[in-house]
Amino acid sequence: MRDHIRAETLKLVRRPATWALLAIAVGLSLTFTYLIPYAGYAGGTGGPRAERGLAALLPDQLVGNSVGGLPVFLGALMLILGVLAVGGEYQWGTWKTVLTQNPGRIIVYAAKLATLCLAALAGLLAVFAAGAVASAVIAVAEDRPLAWPGAADLLAGIGAGWLIAAMWTVLGALLAIALRGVALAVGLGLVWLLAVQNLLALIAAPLLDWVAQLQKGLPGPNAGSLAASLGAATDTPGVQATVGGAQAVVVVAAYLVAFAVLGGLLLRRRDIL
């Protein structure tokens, strides 16, 4: 298994798309979490999070600021990562090459998921690191104290953020296997993340009680609730305390396991062509 994980890691690291997604994730996080709100604050023009002011940009808000994008925008990038890593094997016809080397399908699949989850953690840590630098620069520029979150809060934030990121990444892998490719899997995944779940939350749930109850069991609202419990601003798209933090952890973890198992069953039972 170790050799397979090493091989999958090498493929992922050498793929330019992986680094492009990482750069986009860090860039989006910095731009919409720190740069635009600080520009609005400094210029006195308001803008995102104007009501929270400078306090929303300081180091003590690092955990909430870093995980706030995971329910929607950063989650979408994680989903794309999962699709590319698995769906590319169908697109290039390399599944046959890999599987003729004797490893079983489940072993290769498990190595892919392990590598993707590690990549999701690396991406999350990069967002945390970039946020720490940005918030420290803002605090120094505004002559504010560098008050960081406690170690327990930081570890909890990284752990919960990794759980959300891994769930979306594994969902991408599942879509790639189910649809045997990249384009349609990315398209459907993004439609769900960026459109359908927001339409359900903003339009259907306020009008229909059964939709509001259904929301409590869907992956997006639970990811948003988990992010909200960690201090993410509720004016961030997808972040809303629909359920409690403990329930959100259980539901997100259950979806992660379910997506992984379903993907493995499909890969094992179906023709790879």
Side-chain angles (χ1 to χ4, degrees), residues 17 20-29 31-33 36 47-49 65-88 91 116 120 123-124 127 161 163-229 232-243 248 251-252 254-256 258-260 262-263 266:
L21 289 172
L22 177 61
I24 293 170
V26 173
L28 286 177
S29 181
T31 299
F32 292 102
T33 305
I36 292 178
R49 304 189 184 183
N65 287 338
S66 298
V67 301
L70 288 171
V72 178
F73 298 113
L74 296 183
L77 295 174
M78 297 295 179
L79 183 144
I80 293 173
L81 175 66
V83 171
L84 292 178
V86 178
Q91 184 176 346
L116 285 171
L124 179 66
V127 170
L163 184 63
I164 299 172
M167 178 190 70
W168 292 131
T169 307
V170 174
L171 174 59
L174 169 61
L175 290 174
I177 292 171
L179 299 172
R180 301 183 186 183
V182 172
L184 186 56
V186 168
L188 291 180
L190 293 183
V191 166
W192 173 262
L193 263 169
L194 302 179
V196 174
Q197 68 178 18
N198 286 326
L199 291 174
L200 288 174
L202 298 176
I203 297 177
L207 299 176
L208 301 172
D209 183 65
W210 67 270
V211 176
Q213 296 303 315
L214 177 65
Q215 287 277 94
K216 298 179 181 180
L218 294 178
N222 278 276
S225 298
L226 183 52
S229 71
T234 54
D235 57 0
T236 304
V239 177
Q240 185 178 1
T242 305
V243 300
V251 173
V252 171
Y255 272 110
L256 170 60
F259 292 154
L262 183 56
L266 287 175

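Small disclaimer: the values here were computed from a predicted structure and weren't measured. These values consider heavy atoms only, across backbone and side chains, with no hydrogens, waters or symmetry-generated copies.
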- Message: Once rounded to the nearest 0.5 Å, what's the spacing between atom CD of Gln215 and atom CG of Leu208?
- Response: 11.0 Å
- Message: Testing the basics here: between Tyr255 and Leu218, what is the closest heavy-atom pair and its distance to 0.1 Å?
- Response: OH-CA, 3.7 Å
- Would you say the side chain of Leu116 lies within less than 4.5 Å of the side chain of Val86, judging by non-hydrogen atoms? yes
- Query: Would Trp192 and Leu200 satisfy side chain to side chain contact (heavy atoms under 4.5 Å, CB included), going step by step from the backbone distance to the final call?
  - Reply: CA-CA 10 Å; Trp192 173 262; Leu200 288 174; 4.2 Å; yes
- Message: Under the rule for side-chain contact (heavy atoms from CB on, under 4.5 Å), what residues qualify as partners of Val191, not counting sequence neighbours?
- Response: Val196
- Item | Non-hydrogen atoms of Val211 and Ala204 that approach each other most closely | CG1-CB, 3.7 Å
- Query: CG of Leu179 to CG of Leu184: how many Å apart, nearest 0.5 Å?
  - Reply: 4.5 Å
- Please report the shortest heavy-atom distance between Leu226 and Ser229, naming the atom on each side. O-OG, 2.6 Å
- Query: Looking only at heavy atoms, what is the nearest atom pair of Gly189 and Leu175, with distance?
  - Reply: CA-CD1, 3.8 Å
- Item | Atom pair CG/CG of Leu214 and Asp209 - distance to nearest 0.5 Å | 11.0 Å
- Message: With side chain to side chain contact (heavy atoms under 4.5 Å, CB included) as the criterion, how do Val239 and Val72 come out once you've worked through the C-alpha distance, each side chain's angles and the decisive distance to 0.1 Å?
- Response: CA-CA 8 Å; Val239 177; Val72 178; over 6 Å; no
- Message: Which residue is it: Val251, Thr242, Ile164? I am looking for the one with a side chain to side chain contact (heavy atoms under 4.5 Å, CB included) to Asn222.
- Response: Val251
- Query: Considering all heavy atoms of both residues, which atom of Ala241 and which atom of Ser225 are nearest to each other, and what is their separation?
  - Reply: C-OG, 3.8 Å
- Working to the nearest 0.5 Å, report the span between CG of Leu174 and CG of Leu262. 5.0 Å
- The reported gap from CG in Leu81 to CG in Leu22 (rounded to nearest 0.5 angstrom) is 9.5 Å
- Task: Just jot down the ring-ring contact (aromatic ring centres under 6.0 Å, His included) partners of Phe73, sequence neighbours excluded, or say none.
- Result: none
- Note on the structure: Taken in chain and number order and not counting sequence neighbours, the residues that satisfy side-chain contact (heavy atoms from CB on, under 4.5 Å) with Ala20 are none
- Exercise: identify the closest heavy-atom pair between Val83 and Gly181: CG1-O, 4.2 Å
- May I ask you to decide if Leu74's main-chain N or O and Trp168's side chain share a donor-acceptor pair within less than 3.5 Å? no
- Item | Between CG on residue Leu79 and CG on residue Leu21, distance to nearest 0.5 Å | 10.5 Å
